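Let me begin by presenting the structure, written as structure tokens, before commenting on it.
This is a predicted model, so every value here is computed, not measured. We count residues from 1, following the sequence as given.
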Amino acid sequence: MKTRKIISILAATAMASAVFADPSLTAEKKNEISTGLNDFAKVLVFAVPEASTQQNVWGDAYIGNLYPSIFPHFGVGFSIGGTYLDTRGLKKASGALFGDKTMLSATDLGSSGNQYVDSIAEKINLEIPESFVLPTATVDVRIGGVVLPFDIGICAMMTNPSLFTVDIKDPSSVLNVSKAMQFDLFGFKGSIDYLTIGADLRYRFFEGSSFVPIISVGGGYYYTKGSFKLGATDTREVTVGSRTGNQNTNAEMATAFESHIGFAQIQISKEIGFVNLFLGARGTLSNTTVNWAWKYDTSNDNPSIDATASDSQMGSVQVNSASESWNNGVWNMTEIQPQIFGGIGFNIWKVQLTLGACVDMRSMFDKPNYEEFIWSGFFSTHFKF
């Protein structure tokens with residue numbers, strides 16, 4: 001069900017860029033589309049780093065040494081998570097285009113009278129929620145240290161190798177990502193691509209006791225890259241007076257993001273029977289870029305019908321640690337995100353099931369940079385040896 005909702009949101013983004021019957025867009029509508037998508041990009045520059053750090057979170061603050069140890073300590077498993085996502089920008093962009101029926105006017109087609117055609121959005125009655133989640137999923141490995149009390153974690157996931165070749169600095173390039181995980185829903189075709197890799201190191205500086213938790217400090221780095229690409233096509237017969245022809249419309253929409261995240265953290269954990277309670281604080285420093293682009297073109301196979309048009313727009317939102325400014329659609333600002341995370345783990349033989357949550361503390365106080373409170377939830381299954 002969640003996957004279908006995600007696809008619906010992305011498909012609606014594509015529909016927001018397609019006007020199937022009216023071959024022209026007013027300046028007001030184009031501005032509203034681009035403003036909405038740019039607002040959504042601003043949400044992503046904060047949500048992507050938050051989502052990335054929900055990977056490879058273990059309930060144990062320290063898993064033990066690989067050597068010397070009677071039983072070597074290492075583990076492997078997978079993690080999934082979701083981060084709150086404000087989708088009001090998408091809702092605004094889509095509402096600007098298919099809130100009403102589109103119109104073929106006498107000026108467009110050279111005939112008296114008007115012809116009204118229902119938009120494809122009205123046919124499927126699709127509604128965009130005002131909020132949703134940004135999902136993550138990774139394969140995780142954690143290995144105990146040698147001699148010194150530390151452990152190392154590694155996580156990764158990739159759906160499309162072509163993401164390595166996409167230049168996120170160029171907004172127009174986001175439309176050229178090759179399709180990997182494809183879907184075809186209500187006439188909309190698109191792909192969802194995701195790439196992440198990261199590593200962290202934790203050092204146990206307090207061993208703990210019967211009444212005192214284990215305490216570790218550490219840090220790490222994550223690299224995340226993703227792309228949503230969608231396309232829509234529509235062919236319909238248009239008859240005005242004695243002239244009949246097929247009006248063909250092709251539309252594409254893509255959003256791509258790239259994020260470098262460094263972080264430092266402290267974590268405590270206490271095992272009580274088969275239950276493991278944990279709590280931690282993390283500070284992240286990120287360099288994140290989100291690009292968006294949309295385009296459409298309309299043509300007719302009857303050359304006597306003059307109703308053709310094409311249009312496109314693109315933009316970029318960036319957050320890094322270098323400066324704070326707003327210029328030509330690129331947003332740069334110092335971005336340190338303090339996080340509090342915690343949860344509970346259940347040890348069942350060699351398996352640990354972990355359920356936790358994380359909140360972005362800056363989003364509670366730093367307004368208007370953060371319009372909404374950002375939080376995440378995560379779940380992992382790890383096999384421990």
Side-chain angles (χ1 to χ4, degrees), residues 45-66 73-79 81 83 136 138-157 195-208 213-225 257-270 276-289 319-322 333-343 345 352 354 356-363 374-376 378 380 382 384:
V45 295
F46 296 118
V48 169
E50 164 86 6
S52 299
T53 54
Q54 309 315 309
Q55 303 165 132
N56 206 10
V57 178
W58 289 61
D60 303 296
Y62 168 65
I63 67 169
N65 272 36
L66 185 67
H73 294 85
F74 65 94
V76 62
F78 66 90
S79 301
T83 297
T136 58
T138 56
V139 176
D140 310 330
V141 177
R142 189 165 292 276
I143 304 173
V146 177
V147 182
L148 296 177
F150 70 92
D151 60 30
I152 298 174
I154 301 172
C155 64
M157 177 63 69
L195 161 69
T196 186
I197 185 169
D200 70 273
L201 184 148
R202 303 184 304 180
Y203 181 83
R204 187 207 70 199
F205 74 90
F206 194 83
E207 187 175 1
I214 297 173
I215 305 176
S216 67
V217 294
Y221 166 81
Y222 289 103
Y223 173 74
T224 301
K225 199 172 188 179
F257 56 84
E258 180 179 52
S259 186
H260 300 266
I261 306 108
F263 67 92
Q265 71 174 36
I266 182 170
Q267 181 179 348
I268 65 175
S269 68
K270 180 60 183 174
N276 192 23
L277 303 175
F278 66 97
L279 182 67
R282 183 188 297 121
T284 69
L285 184 65
S286 63
N287 186 321
T288 303
T289 300
V319 170
N320 60 43
S321 57
M333 65 171 290
T334 302
E335 174 55 12
I336 298 177
Q337 291 175 259
Q339 302 172 354
I340 300 294
F341 65 95
Q352 183 178 82
T354 302
C358 177
V359 296
D360 184 323
M361 301 303 295
R362 184 176 175 180
S363 67
I374 299 177
W375 61 276
S376 303
F378 55 87
S380 66
H382 294 125
K384 299 166 57 179

One should read off an interatomic distance between Ile215 CD1 and Glu207 CD, to the nearest 0.5 angstrom, of 12.0 Å

Minimal heavy-atom distance between Pro338 and Arg362, with the atoms involved, is CD-CB, 3.7 Å

Exercise. Is it true that a side-chain atom of Ser269 and a backbone atom of Ala61 form a donor plus acceptor pair closer than 3.5 Å?
Worked result: yes

Tested for side chain to side chain contact (heavy atoms under 4.5 Å, CB included) against Gln55, the lone hit among Asp200, Ile197, Thr138, Val139 is Thr138

Between His382 and Gly77 the two heavy atoms that sit nearest each other are CD2-CA, 3.7 Å

Between Thr196 and Thr224 the two heavy atoms that sit nearest each other are OG1-OG1, 3.2 Å

When every non-hydrogen atom of Asn56 is compared with those of Cys155, the smallest separation belongs to CB-CB, 4.0 Å

OG1 of Thr284 to CD of Gln265, rounded to nearest 0.5 Å, is 11.5 Å

Distance col, row Lys225:NZ vs Leu195:CG, nearest 0.5 angstrom, shows 7.5 Å

For Asn65 and Val146 the tightest heavy-atom approach is ND2-C, 4.0 Å

Residues at least two apart in sequence or cross-chain that pass side-chain contact (heavy atoms from CB on, under 4.5 Å) with Leu201, listed by chain then number, are Phe150, Ile152

In this structure, OH of Tyr221 is separated from CG of Leu285 (nearest 0.5 Å) by 12.0 Å

Applying side-chain contact (heavy atoms from CB on, under 4.5 Å) to Leu66 and not counting sequence neighbours gives Pro72, Phe74, Ile143

Across all chains, not counting sequence neighbours, the salt bridge (charged side-chain N to carboxylate O under 4.0 Å, His left out) partners of Arg204 are none

Those residues at least two apart in sequence (or on a different chain) that pass side-chain contact (heavy atoms from CB on, under 4.5 Å) with Ala47 are Thr83, Leu85, Leu134

Can you confirm whether the side chains of Gln339 and Glu50 place a donor and an acceptor under 3.5 Å from each other?
yes

The salt bridge (charged side-chain N to carboxylate O under 4.0 Å, His left out) partners of Lys270 (sequence neighbours excluded) come to none

Tell me, do Phe78 and Ser380 make a side-chain contact under 4.5 Å, heavy atoms counted? no

Residue pairs passing the salt bridge (charged side-chain N to carboxylate O under 4.0 Å, His left out) test with at least one member in residues 276-289, sequence neighbours excluded, are none

Hits for side chain to side chain donor-acceptor pair (under 3.5 Å) against Ser79, two or more places apart or cross-chain, chain-then-number order -> Asp140

Hits for ring pair (Phe, Tyr, Trp, His ring centres under 6.0 Å) against Phe341, two or more places apart or cross-chain, chain-then-number order -> none

Looking only at heavy atoms, the pair that brings Thr354 and Gly59 closest together is OG1-N, 3.9 Å

Item to complete: Kindly say whether Val57 contributes a backbone atom to a donor-acceptor pair with the side chain of Gln267 at under 3.5 angstrom?
Response: no

Residues passing the ring pair (Phe, Tyr, Trp, His ring centres under 6.0 Å) test with Phe206, sequence neighbours excluded, are none

Rounding to 0.5 Å, atoms CG (Asp60) and CD1 (Ile214) come to a distance of 7.0 Å

Sorted by chain and residue number, the ring pair (Phe, Tyr, Trp, His ring centres under 6.0 Å) partners of Tyr222 (sequence neighbours excluded) come out as Phe263

Sorted by chain and residue number, the side chain to side chain donor-acceptor pair (under 3.5 Å) partners of Asp151 (sequence neighbours excluded) come out as Arg142, Arg202

**Q.** Main-chain N/O of Ala51 paired to Gln54 side chain as donor or acceptor, under 3.5 Å
**A.** no

Below 4.5 Å, heavy atoms only, C-beta onward: do Phe257 and Val45 meet side chain to side chain? no

Sequence neighbours excluded, the answer for ring pair (Phe, Tyr, Trp, His ring centres under 6.0 Å) partners of His73 is none

Quick one: does any side-chain atom of Asp360 pair with a main-chain N or O of Ser363 as donor and acceptor, under 3.5 Å?
yes

